[in-house]
2 protein chains.
Amino acid sequence: METNLSERQKLILALVIRDYIETAQPVGSVSLVKRYKLDFSSATVRNDMVALTEMGFLRQPHTSAGRVPTEEGYRYFVRQLMGHTDLPAPTKRTIIHQFYQAGADVDRWMHLAASVLAHQAQAASLVTAPHPERAIFKHLELIGTHGRQVLMVLVLSGGDVSQQMLNLAEPVSQEQLSAVAQKINQNCAGLTEAGIERLKQPTDALEQDILKLVVNEMRRSTRVVAGELYRDGLTHVLAEPEFGEMELARRALRLLEERPLLEDLLTRTVLASEPGGVQVLIGGEGTWEELRECSVVLARYGAPGLATGTLGVLGPMRMPYGRTISTVRFMAGLLSDLVEDMLTEG
Amino acid sequence: METNLSERQKLILALVIRDYIETAQPVGSVSLVKRYKLDFSSATVRNDMVALTEMGFLRQPHTSAGRVPTEEGYRYFVRQLMGHTDLPAPTKRTIIHQFYQAGADVDRWMHLAASVLAHQAQAASLVTAPHPERAIFKHLELIGTHGRQVLMVLVLSGGDVSQQMLNLAEPVSQEQLSAVAQKINQNCAGLTEAGIERLKQPTDALEQDILKLVVNEMRRSTRVVAGELYRDGLTHVLAEPEFGEMELARRALRLLEERPLLEDLLTRTVLASEPGGVQVLIGGEGTWEELRECSVVLARYGAPGLATGTLGVLGPMRMPYGRTISTVRFMAGLLSDLVEDMLTEG
DNA sequence: AATTAGCACTCTCGTTGCGAGAGTGCTAAT
DNA sequence: ATTAGCACTCTCGCAACGAGAGTGCTAATT
């Protein structure tokens, strides 16, 4: 299988893909030359098309229909043909402005990021909150509320804050709680979960219970998909003609709805990649059955070593990759800056 | 339009609806008598059917097709014909057990509730976190993290906890922060937002800023849809045959995805109703265009006066109302108990 | 040697024309 | 009041068919 394309073949492949992305219709040789006013004939196009078909970049839904890009075709296009595009500057400014207005509220950033991604890419979007790769204890607060109920607020490195309600066996005064918290704060500051576990066992039963919860929480916060999942634009994918058959659409959306599936996907892709880069998964790459006819564009963002998260979009394989990739890249960069500022600013 | 149905007409209406809910096919007189072994003839059924059609409870998709229930038909069915059903006891026990295992974690309750609703009703589910109708200040904590960054944790009555990161103009030591927090705690304990605003202006600029944020946060927490929204089972509605046309499905799911729409819906329905009761909205009731072909079953839950939330499911109009309503009723009751226990237990 | 015109062939898609099946509404008999 | 009988209607699935679009091949052209 030869993979040296002539310039003309590259052009034709690119045009076929561009046209198909627009129209969702198989594209034929005649309509192609007419539409793009090519200065060679349809027969020439046909010849190149058989070559491209033999190389696995195009296929025909049936004999004597136009050509449609294969997954391989899209991949070649994305890697070699597409050229580097960027979001228009005004769009960028608008987006930045929106984030600026949102203040320093991570939760709002996440919602906003999901919303912007969904809107810009006209696809379903997904954002996970930033969390540290290694959890480091920073601060603990114990606040009594009603009776035996206590609210535990745990601050970890990377700005991760988790709160948890717990019921004590017996009432404890706020003073006692504060004392325990202060003791833990002194002993544990700067430690990882492992470090905390290595501490000599405290004699105080309450302190011991709390420490156990703290360690648990620290473990939880370093899982791949640790916190809340932010999604948006799920209905966009329903608008695409390829999902007229519904079953495909259901499977794709299930992937975003069911945490285990999603966790698997993220673990095996973006987690294994260097941060900053944008990953493009086309058609499930043979591994994810539920992604047939879909593509996913993912990126990690955040401050490496401190806290990172993931973001991306899911859309039909027939998606405008240029725009989508540049959107994802830009958003990852923007969120990285924001997170970094938040964590390092003095 | 006469609305006095004979017993037989009620039976026929009920059977038509039951059959249609199962099969999604228009149901004819002959197949009805055959299927349910009725001891009167198809001609009799036909006569009653024209009556029911004239009364607006049934309609024919086209001449000489079977009958299909109208929205009015469903409403009559739900109000008069359906009888009170309840979830089977083993199912209940299983659900209760799951919640028991989840501990006292409200976030987990919400996820679980959405998941259970979606699964039991085979429809899209929605749960909002419980929040107080009137926010009452309980406790404030200020925790310095990096440099000028401060984490503000605010505890309100009803177990509402909100956290917010803020950037100060200049660095402030933890001691100062604690002092401000303690002062605010003393002054504001038990006050509503209005009460806090009536306090004489503090001289300390920092204190003043913090108080402004606190009041803001208290306002936010009393909005109809205050906190996070928990959704599940969105893909279930895609499986229903009536959404083969996609456009209907998109509109319905948009309702769950876009907060303003949802807020409007909840405001005008469940908010206006007495808590405890289950509300059934059939076919948008002429008000919500996006709910054509859909029904929504909603309920409020929580401890009245302390904290309440909303939960419900959205499915096709052709939904098993008995099961759905009992599920929603049960879940509302269960969550109410849990929330009440959490808030009042000593 | 590469490109192109010409042409026969293939396959889909929309339309049309039935016949079967299911259901209705009406009338007359029970 | 109910039912049997019957003519009528409307959908649905299937086959036939022509138009349209596209292909692949061959021979001519540059």
Side-chain angles (χ1 to χ4, degrees), chain A residues 2 4-13 15-17 19-20 22-70 73 241-242 244-245, chain B residues 2 4-13 15-17 19-20 22-70 73 241-242 244-245:
Chain A
E2 188 56 63
N4 272 346
L5 302 203
S6 74
E7 284 308 309
R8 197 182 53 214
Q9 287 173 334
K10 290 184 186 172
L11 174 63
I12 289 174
L13 178 55
L15 287 181
V16 168
I17 291 182
D19 205 67
Y20 183 67
E22 261 186 50
T23 65
Q25 298 290 331
V27 11
S29 53
V30 264
S31 60
L32 196 74
V33 300
K34 213 186 305 177
R35 186 145 184 215
Y36 298 100
K37 306 207 200 317
L38 301 183
D39 53 354
F40 36 81
S41 80
S42 68
T44 310
V45 175
R46 275 201 289 287
N47 286 333
D48 282 339
M49 275 177 164
V50 311
L52 289 166
T53 306
E54 276 164 5
M55 288 185 275
F57 293 146
L58 295 180
R59 77 188 164 81
Q60 326 186 34
H62 49 82
T63 335
S64 117
R67 300 304 211 283
V68 162
T70 62
E242 38 266 87
E245 270 321 305
Chain B
E2 187 57 62
N4 271 346
L5 302 203
S6 73
E7 285 308 310
R8 196 183 51 216
Q9 288 172 333
K10 290 182 187 174
L11 174 63
I12 289 175
L13 178 54
L15 287 181
V16 168
I17 291 182
D19 205 68
Y20 183 67
E22 261 186 51
T23 65
Q25 298 292 331
V27 13
S29 53
V30 264
S31 60
L32 197 74
V33 300
K34 212 185 306 176
R35 187 147 183 213
Y36 298 99
K37 306 206 199 319
L38 302 181
D39 53 354
F40 35 83
S41 80
S42 68
T44 310
V45 174
R46 276 201 289 286
N47 287 332
D48 282 338
M49 275 177 165
V50 310
L52 289 166
T53 306
E54 276 164 6
M55 288 184 276
F57 293 146
L58 295 179
R59 77 187 163 80
Q60 327 187 34
H62 50 82
T63 337
S64 118
R67 299 306 211 284
V68 161
T70 63
E242 39 265 86
E245 269 324 303

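Computed from a predicted structure; not experimentally measured. Proteins get letters first, then strands, A, B, ... in listed order; numbering begins at 1 in each. The figures that follow rest on heavy atoms only: side chains count, while hydrogens, waters and symmetry mates do not.
Scanning all heavy atoms of the two residues, the minimum distance from B/Arg8 to B/Thr44 falls at CZ-CG2, 3.3 Å. B/Ala65 approaches B/Gln60 most closely through the heavy-atom pair O-OE1, 3.6 Å. The minimum heavy-atom distance linking B/Leu11 with B/Phe40 is given by the pair CD2-CZ, 4.2 Å.
Contact of the A/Arg35 side chain with the A/Thr23 side chain is registered, since non-hydrogen atoms from C-beta on lie closer than 4.5 Å.
Residue A/Asn4 holds its CG atom at 9.5 Å from CD of A/Gln9, rounded to the nearest 0.5 Å. Here the CG atom belonging to A/Leu52 is positioned 8.0 Å from the OG atom belonging to A/Ser6, to the nearest 0.5 angstrom.
Between A/Leu32 atom CG and D/dG22 atom C1' there is a gap of 13 Å when expressed in whole angstrom units. One can place NZ of A/Lys34 at 11 Å from C1' of D/dG20, the figure rounded to the nearest angstrom. Rounded to a whole Å, the CZ atom of B/Arg59 is 16 Å from the C1' atom of D/dC10. Rounded to whole Å, atom C1' of C/dT12 lies 12 Å from atom CD of A/Gln25.
Contact check, B/Arg8 against D/dA1: no side-chain N or O comes under 4.0 Å of OP1 or OP2. Side-chain N/O atoms of B/Ser31 include one lying less than 4.0 angstrom from OP1 or OP2 on C/dG23.
Rounded to 10°, the angle separating the first-five-pair axis and the last-five-pair axis of the helix from C/dA1-D/dT30 to C/dT30-D/dA1 equals 30°.
Each of B/His62 and B/Ser41 was assigned the nucleotide of DNA chain D with the nearest heavy atom; the assignment lying further toward the 5' end belongs to B/Ser41.
Between the B/Thr70 side chain and the B/Phe57 main chain, a donor and an acceptor come within less than 3.5 Å of each other.
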Protein N or O to nucleotides 24-30 of chain C N or O, pairs below 3.5 Å:
{"from": "C/dT24", "atom 1": "OP1", "to": "B/Arg67", "atom 2": "NH1", "distance (Å)": "3.3"}
{"from": "C/dT24", "atom 1": "OP2", "to": "B/Ser29", "atom 2": "N", "distance (Å)": "3.1"}
{"from": "C/dT24", "atom 1": "OP2", "to": "B/Ser29", "atom 2": "OG", "distance (Å)": "2.6"}
{"from": "C/dG25", "atom 1": "OP1", "to": "B/Gln60", "atom 2": "NE2", "distance (Å)": "3.2"}
{"from": "C/dG25", "atom 1": "OP2", "to": "B/Arg67", "atom 2": "NH2", "distance (Å)": "3.3"}
{"from": "C/dG25", "atom 1": "N7", "to": "B/Arg46", "atom 2": "NE", "distance (Å)": "3.1"}
{"from": "C/dG25", "atom 1": "O6", "to": "B/Arg46", "atom 2": "NH2", "distance (Å)": "3.3"}

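More than 12 non-hydrogen atoms from other residues, nucleotides or ligands lie less than 6.0 angstrom from CD of B/Glu22.
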